[in-house]
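Below: the structure, in structure tokens.
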Amino acid sequence: MERLRTVTPLVEQISIDEAFLDISDLSDKPERIARRLQAGIRDELGLPSSIGIAPNKLVSKIATEVGKKAATKGKPPFALTVVPPGKEAEFLSLLPADMLWGVGPKTSARLNELGIHTIGDIARWPDAELVRLFGENGREMAKHARGQDGRAVVTEREIKSISQEVTFSRDVREDKSIEKTLTDLSVQVGRRLRKNELAGTTVKLKIRWPDFTTLTRQVTLPNTTNNDNEIAETALGLLRKNRKSGQAVRLIGVGVSGLGEPMRQLELWGTDSEKERKLQEVVDELREKYGDKAIKRGK
DNA sequence: TCTGGGGTCCTAGGACCC
DNA sequence: TCTGGGGTCCTAGGACCC
């Protein structure tokens, strides 16, 4: 990502190893920029990469995948795929429908039933019909199928929620063990919130039963929190309300949303919650320095 | 892909308020 | 006493993404 930012600051990271670069304001030819970048990544970092160049994010992403797939089997890909302006729809038309963003297994299956297999098939369907069948997603699909995508490259995005979950290697029935895990997860969520200088109002519990059905239960607190204890107590409350003692669980998780700046109670120095906040600050520092095991909550 | 983890966005219903 | 419309917030679930 650092290497990418030497090309332009307009970098949108979309996963651990993928990003969009907006190079529309650079005077150099896009292909030259891409080749130079690819060579740099190879020579400086020893890594392969695939690049797609197109007038918008949607098409460039798909172009990247197409190039990557076409790379010689067993060899690391160094693909470069260019879709010039005006050629977007043509480029997409023969590709399978589920290569489109927003078309997952469910939508793909429904499209298949309608005899729609390629992106070109989607583009040929009336917009109104797609909207009727798929709602807002249908409207997006219609535009995307024609290669239209107006979304800008976004360099930073607001965090909307922070969560932690674990899948047990077996179904777990012991209340103690489940509650301990949930408490640990709450601590991790709290710590990540504080690290990002965030706090949230809504605590969500997630449970997966042995049959893989999933339940979520959330509650909105009167104030924002990033306090380990408060998150844990809230999550534990939801757990006790929604799970019978001894009932087997496959996955447990907790998340906090409704994020904003942590509440500072300046006028309440010396209150319990302020003491708690300062305590937590110290605990975070100790763990940062000496590791997770350095200090634990009693009781 | 017999199924891990962390996210975002959308839909839909209900409560509540004006 | 009943009816109406619109807006916002909350909750639950699901589709989808990497």
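Throughout, a chain's letter reflects where its sequence line sits, starting with A, and its residues are numbered from 1.
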| M99(A) CE to dC16(C) P, straight-line distance once rounded to whole Å | 16 Å
| note | Rounded to whole Å, CG of D17(A) lies from P of dC17(C) at a distance of 17 Å
| Spacing of CG belonging to L193(A) relative to CD1 belonging to I231(A), to within rounding of 0.5 Å | 5.5 Å
| query | CG of N137(A) versus C1' of dC16(C): gap in Å, rounded? | reply | 9 Å
| query | If you check every side-chain atom of E18(A), which of dC18(C), dT11(C), dG6(B) has the closest atom? | reply | dC18(C)
| field | Atom pair distance, as rounded to whole Å: CD1 in I207(A) and C1' in dA12(C) | value | 13 Å
| message | Please determine whether a side-chain nitrogen of the Lys or Arg among D175(A) and R240(A) lies less than 4.0 Å from a carboxylate oxygen of the Asp or Glu. | response | no
| request: Grab the CZ-C1' distance between R208(A) and dC2(B) for me, whole Å please. | output: 12 Å
| query | Out of dT8(B), dG5(B), dT11(C), which nucleotide sits closest to the side chain of S161(A)? | reply | dT8(B)
| Heavy atoms under 4.0 Å, any strand shown: does R217(A) hit a base, just sugar-phosphate, or nothing? | sugar-phosphate
| To the nearest 0.5 Å, how far apart are CG in N226(A) and CD in E261(A)? | 11.5 Å
| query | Base, sugar-phosphate, or nothing for I162(A), non-hydrogen atoms under 4.0 angstrom? | reply | sugar-phosphate
| request: Pick base, sugar-phosphate or nothing for T214(A), based on heavy-atom distances below 4.0 Å to the nucleic acid. | output: nothing
| In terms of side-chain heavy atoms, does D121(A) have a donor or acceptor partner in T118(A) at a distance below 3.5 Å? | yes
| Checking all strands, does L100(A) fall into the base, sugar-phosphate, or nothing category for heavy-atom contacts under 4.0 angstrom? | sugar-phosphate
| field | Side chain of T107(A) - closest among dT11(C), dG6(B), dC16(C) | value | dC16(C)
| From dG5(B), dC18(C), dC10(C), pick the nucleotide closest to the side chain of E65(A)? | dC18(C)
| field | T216(A) side chain, from C-beta outward: closest of dA12(C), dG6(B), dT3(B) | value | dA12(C)
| query | For the pair made of CZ in R151(A) and P in dC17(C), what is the distance, rounded to whole Å? | reply | 11 Å
| remark: Side-chain atoms of K160(A) come closest, of dT8(B), dG5(B), dC18(C), to dT8(B)
| Length of the CD1-P vector between I14(A) and dC9(B), whole Å | 14 Å
| query | Looking at dT11(C), dG6(B), dG4(B), which one has an atom nearest to any side-chain atom of F212(A)? | reply | dG4(B)
| query | Counting any heavy atom closer than 4.0 Å, what does K206(A) reach on the DNA or RNA strands: base, sugar-phosphate only, or nothing? | reply | nothing
| field | Pair partner, dT8(C) [Watson-Crick or wobble, under 3.5 Å] | value | dA15(B)
| Which listed nucleotide (dC16(C), dC9(B), dC18(C)) is nearest to the side chain of S15(A)? | dC18(C)
| field | Per K106(A) side chain, nearest of listed nucleotides dG6(B), dA15(C), dT11(C) | value | dA15(C)
| Residue Q218(A), side-chain atoms from C-beta onward, closest of dT11(C), dG5(B), dG13(C) | dT11(C)
